Trainee: 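Quick one: this structure, given as structure tokens, is what I'll be asking you about.
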Amino acid sequence: PGLARVRMLRSWGGVCDMSMDGSPIITTGPLPGMYLNCGWCYGGFKATPVSGWCFAWTIAKDEPHDINAPFTLDRFHRGLVIDDKGQGATPRLH
Ligand SMILES: Cc1cc2nc3c(=O)[nH]c(=O)nc-3n(C[C@H](O)[C@H](O)[C@H](O)COP(=O)(O)OP(=O)(O)OC[C@H]3O[C@@H](n4cnc5c(N)ncnc54)[C@H](O)[C@@H]3O)c2cc1C
């Protein structure tokens, strides 16, 4: 009732898998035979073709392709986050 007269075009509420640098994780590990493709934030639809291709490469060869090599899980541990110039949404902006 408190919002009954608020004019709103559209809204969305829910959880979203966010990485701390706004870039996804496409990688092997951390366990043998485990592959991760997640942390897509708000960009996982449009990146599907090339990320799928890279992910297939990563699984088939058990090592990342050059394109997704930086998108590791341990980059957060090593301090090597992706410098994407803030083009995407990042958790620290919310
Ligand atoms: C409001 C909004 C707008 C967006 N707009 C765009 C856009 O315009 N363009 C764009 O490119 N991207 C957009 N995105 C981002 C895009 O939707 C996501 O990046 C993409 O859907 C991620 O795909 P995914 O398969 O990695 O994860 P998800 O689609 O989240 O799939 C994960 C799946 O795992 C399932 N799951 C979770 N836990 C378990 C469990 N324990 N056991 C079994 N299953 C489980 C979930 O039910 C879900 O089906 C938007 C996202 C949001 C929220």
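The model shown is predicted, which means the values in this text are computed figures rather than measured ones. Remember, it's 1-based here, ligands and their atoms both numbered in the order they're listed.
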Trainee: For Cys38, which part has a heavy atom under 4.0 Å from ligand 1: side chain, backbone, both, or neither?
Mentor: neither
Trainee: Give me the atom names and distance for the closest heavy-atom approach of Thr72 to Ala69.
Mentor: CG2-O, 3.2 Å
Trainee: Using a 4.0 Å cutoff against the non-hydrogen atoms of Gly43, which atoms of ligand 1 qualify?
Mentor: 10 (C), 11 (O), 12 (N), 15 (C)
Trainee: So which heavy atom on Ser19 is nearest to which on Pro24, and how close?
Mentor: OG-N, 4.5 Å
Trainee: With a 4.0 Å cut-off on heavy atoms, does Ala47 reach ligand 1?
Mentor: no
Trainee: For ligand 1, note which part of Trp12 has a heavy atom under 4.0 Å away: side chain, backbone, both or neither.
Mentor: side chain
Trainee: Would you say atom 15 (C) of ligand 1 makes contact with the protein, given that contact here means a non-hydrogen protein atom less than 4.0 Å away?
Mentor: yes
Trainee: Short check: is a protein heavy atom less than 4.0 Å from atom 28 (P) of ligand 1?
Mentor: no
Trainee: Do any nitrogen or oxygen atoms of Cys16 come within less than 3.5 Å of a nitrogen or oxygen of ligand 1?
Mentor: no
Trainee: Rounded to the nearest 0.5 Å, how far does CD1 of Ile26 lie from CH2 of Trp57?
Mentor: 14.5 Å
Trainee: Heavy atoms of the protein only: does one fall short of 4.0 Å from atom 12 (N) of ligand 1?
Mentor: yes
Trainee: Using protein heavy atoms only, decide if any is under 4.0 Å from atom 19 (O) of ligand 1.
Mentor: yes
Trainee: Just distances here: any N/O of Asp17 and N/O of ligand 1 closer than 3.5 Å?
Mentor: no
Trainee: Hey, is atom 44 (N) of ligand 1 touched by any protein heavy atom at less than 4.0 Å?
Mentor: no
Trainee: Under 4.5 Å between side-chain heavy atoms, counting indirect links through other Ile/Leu/Val/Met/Phe/Trp/Tyr residues: same cluster for Met20 and Leu36 or not?
Mentor: yes
Trainee: Kindly state if atom 35 (C) of ligand 1 has a protein heavy atom within a strict 4.0 Å cut-off, that is, under 4.0 Å?
Mentor: no
